[in-house]
Amino acid sequence: MAAEAGKPDRLSNRDVAAILANVADMLQILDANRFRIIAFQNAAEAIRTLGQDIRVVHAEGKLQTISGVGKGIADALDELLTEGRVEEFDKLKEKIPPGVVEMIHIPDVGPKTAKRLWDELGITSVEELRQAAEAGRIRELKGFGAKSEQKILKGIELAAKRGDERTPLGEARPLALRLIEELIEATPEEGITRIEAAGSLRRWRETIGDVDILAISPQSQTVIEAFQKLPQVVDVAGSGETKCSVILTTGLRVDLRVVEPKHWGAALQYFTGSKEHNVQVRELAQRQGWSLNEYGLTATGAGDAAEGEQRFFAEEAELYAFLGMACPPPELRENRGEVKAAREGVLPELVRLEDIRGELHGHSTWSDGTASIAAMAEAARQRGYSYWNVADHSTGLGMVGGLDSKRLREQSDEIAALNEQWREAGEEFRLLRGTEVEILSDGALGLPDEALAELDVVVASIHSGLRQDRETITERCLKAVRNPHVDILGHATGRLIGSRPPSEIDMERILRVCAETGTVVEINAHPSRLDVNDVYARRAVELGCKIAINSDAHETSGMEMMEYGIAVARRAWLRAADVINTYPLDKMLAALKDRRGEAA
DNA sequence: GCCGTTTTCGGCCCGACTGTTTTCAGTCG
């Protein structure tokens, strides 16, 4: 947590969300009203995924326009963002040692357990908890035994291994898909008739807490036994008749749930989440006189149907239709307005992988790529693209031997020759001449304007000096964005999921200037970047920006990462029209800054 | 503490599994 008291101007949305979540944790330990706890959790989530800087919203006096923020929390946020601290929160902190709050993040240790361990054994840290469990002191408590101690020790080990980190989607997804394949192979013929990953994986969240797999099988016990015996499984956290949780060698937790065919629709809906989306849907069902669980609907007697009457759904869409709404694509199910839109029938037609006609940011052996331009072009053609922008690094990024003006011209000759071949063969495919020009530490670019002016598509990115202070890095980036030759701002925040935090850059200001100048904002599709993220992408389009989705491929297989970028765009509610590389070549070029209006 | 197609009070989702229990509380998703 980077929240520094006394420096309210440094608090990011993430910091503010962490502070509210911490308050919710403390309230849980104090056994406060559960709805008050949920209110803090909801507000934290709303601010974490807010498209705008919380400081800006605060300055405009619009805190209460955030869904989940009412008067009470708005007042607290006002105090936090003005004073850098909240008196009410400080009083809470005096009541509970921070180590006790930390304890509830250990699997199988919740607020009740943490409170009792603290009250009755005086344990105030995870380390003390470990020692007490090893010494067999915890079994002295009523309701605890040797197994509880083992469970706690295992939980501590797991938490240490995993840290607070969720698993990046790019790691979890291939792992889960392979696991599903192996489970099918390990099960007798006809053992599994349907299987799908649900949860945050199906929603394509950028990081995954644990993997949820849903299956239909006439022999659930056989499937669950096979699941536990898969080679990647190191531990079984729980196992019953229809449900099983295992831990993989990587520390990732995977839950399998086996259901009957008639329950599939409700079960898939339920296990896809998000939790917040499901709460909305269940409340909607409640208002219509139905109680919703993972099996289906049961009439409460409050509506037209007789109490106890049940409805089952083989498909998700049938369940949503019964409730009078369209079926929101999983990527939208984050309680960001999708339930209302689905009820009103105004869900957007989201961009799809098939809509992509080319890429505007990729590398070759001319800089740090591993494949020739010809090989990259061939890979792009194989994917059905009709254009690909050669965007090798410019000078200014020492370690990869970026191109200067002279080498850029030499590269242009190679590109022209390749294009000539396709033209003669009557092929539609075209390579574009581009660069990923370095935004230097003072905002100057790694190539002179004369060189950039000759290119088709210029991507400008920051690779170093990512720790500059907010004002410096924002001004640096703004200078680049305002350059008339810069068409696209590449991976704007510079983050690497799980290993490098985003820079301090003021995205709201950047996006506003991008909208003003017609600079396209990139969604970098590489699963370790996903930059900009869904929240900023949605905000960018709200402000009037266009988006480009690029895999930033450094090898031919890198282009397969496009699907992750598409997922970010879909989570941002983007339609094909918002994404310029869904356009045919002429229209795409005409949408670029320095060519606007040139072609139809 | 939040919120409104039951609107300014009275609600706020629901079931599986575990451990230590004789009927359930805690945790998790």
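These numbers were taken from a predicted model, which means no experiment stands behind them. So you know, we letter chains A, B, ... as the sequences are listed, proteins then strands, and number each from 1.
- Scanning residues 141-156 of chain A for heavy-atom distances under 4.0 Å to DNA chain B yields A:G143, A:F144, A:G145, A:A146, A:K147, A:S148, A:K151.
- B:dG4: Watson-Crick or G-U partner is B:dC9, with both key distances under 3.5 Å.
- A:L256 places its CG atom 11 Å from the P atom of B:dC17, with the value rounded to the nearest Å.
- OP1 or OP2 of B:dC17 has at least one side-chain nitrogen or oxygen of A:T242 nearer than 4.0 Å.
- Atom name P, nucleotides B:dC12 and B:dT18: the rounded distance is 30 Å, in whole Å.
- Residue A:G68 is the one, among A:A114 and A:G68, whose nearest nucleotide of DNA chain B lies closer to the 5' end (criterion: closest heavy atom).
- In plain terms, the two heavy atoms of A:V223 and A:L183 that are nearest each other are O-CD1, 3.9 Å.
- Summarising the local packing, CD of A:E349 is surrounded by 12 or fewer heavy atoms from other residues, nucleotides or ligands at distances under 6.0 Å.
- Spacing between B:dT20 and B:dT27 at atom C1', rounded to whole Å, works out to 15 Å.
- Between A:E283 atom CD and B:dT7 atom P there is a gap of 15 Å when expressed in whole angstrom units.
- Of the P atoms belonging to B:dA16 and B:dT21, the separation is 24 Å, rounded to the nearest Å.
- For the C1' atoms, the distance from B:dG11 to B:dT5 is 16 Å, rounded to whole Å.
- With B:dG29, B:dC14, B:dG26 as the candidates, the nucleotide lying closest to the side chain of A:D212 is B:dG29.
- Distance A:L284 CG to B:dC12 P: 15 Å, rounded to the nearest Å.
- Of the residues in residues 267-277 of chain A, A:Y270 come within less than 4.0 Å of DNA chain B through at least one heavy atom, sorted by number.
- In this structure, NZ of A:K243 is placed 15 Å from P of B:dT27, rounded to the nearest angstrom.
- Atom CD of A:Q228 is separated from atom C1' of B:dC17 by 13 Å (rounded to the nearest Å).
- Salt-bridge check for A:E334 with A:R203: passed, with a basic side-chain N closer than 4.0 Å to an acidic carboxylate O.
- Atom CZ of A:R14 is surrounded by 12 or fewer heavy atoms from other residues, nucleotides or ligands within 6.0 Å.
- Salt bridge annotation for A:R85-A:D90: present, with a cationic side-chain nitrogen under 4.0 angstrom from a carboxylate oxygen.
- B:dC28 atom P lies 12 Å from atom CD of A:Q41, rounded to whole Å.
- Remark: A:E140 CD is packed, more than 12 non-hydrogen atoms of other residues, nucleotides or ligands lying under 6.0 Å away.
- Straight-line distance between the C1' atoms of B:dC2 and B:dT7: roughly 13 Å, to the nearest whole Å.
- If you measure from atom CG of A:D210 to atom P of B:dA16, you get 18 Å, rounded to the nearest angstrom.
- The neighbour count for A:E60 CD, taken as heavy atoms of other residues, nucleotides or ligands under 6.0 Å away, is above 12.
- If you check every strand for non-hydrogen atoms under 4.0 Å, A:L292 touches sugar and phosphate atoms only.
- Looking at which nucleotide of DNA chain B each of A:G238 and A:G70 is closest to, the 5′-most match is held by A:G70.
- At B:dT5, none of the side-chain N or O atoms of A:R287 fall inside 4.0 Å of OP1 or OP2 (strictly under the cut-off).
- Exactly one residue among A:Y295, A:F271, A:Y270, A:F313 makes a ring-ring contact (aromatic ring centres under 6.0 Å, His included) with A:H263. That residue is A:Y295.
- Here A:Q286 reaches the OP1 or OP2 of B:dC14: one of its side-chain N or O atoms lies under 4.0 Å away.
- When the side-chain nitrogen and oxygen atoms of A:S291 are compared with OP1 and OP2 of B:dC14, one or more of them lie within a distance under 4.0 Å.
- A salt bridge is defined here as a Lys NZ or Arg NE, NH1 or NH2 lying under 4.0 Å from an Asp or Glu carboxylate O, and A:D212 with A:R202 fails to meet this definition.
- At a threshold of 4.0 Å, the pair A:D534-A:R538 does not count as salt-bridged, since none of the basic side-chain nitrogens sits closer than that to a carboxylate oxygen.
- B:dT8 and B:dC3 are spaced 16 Å apart, taking the P atom of each and rounding to whole Å.
- Checking B:dC12, B:dG29, B:dG1 against every side-chain atom of A:E88, the shortest atom distance belongs to B:dG1.
- Residues satisfying the side chain to side chain contact (heavy atoms under 4.5 Å, CB included) test with A:E331, not counting sequence neighbours, are A:W204, A:P329, A:R570, A:R571.
- Taking atom CG of A:N278 as the reference point, atom C1' of B:dG29 lies 10 Å away to the nearest angstrom.
- OP1 or OP2 of B:dT27 has at least one side-chain nitrogen or oxygen of A:T113 nearer than 4.0 Å.
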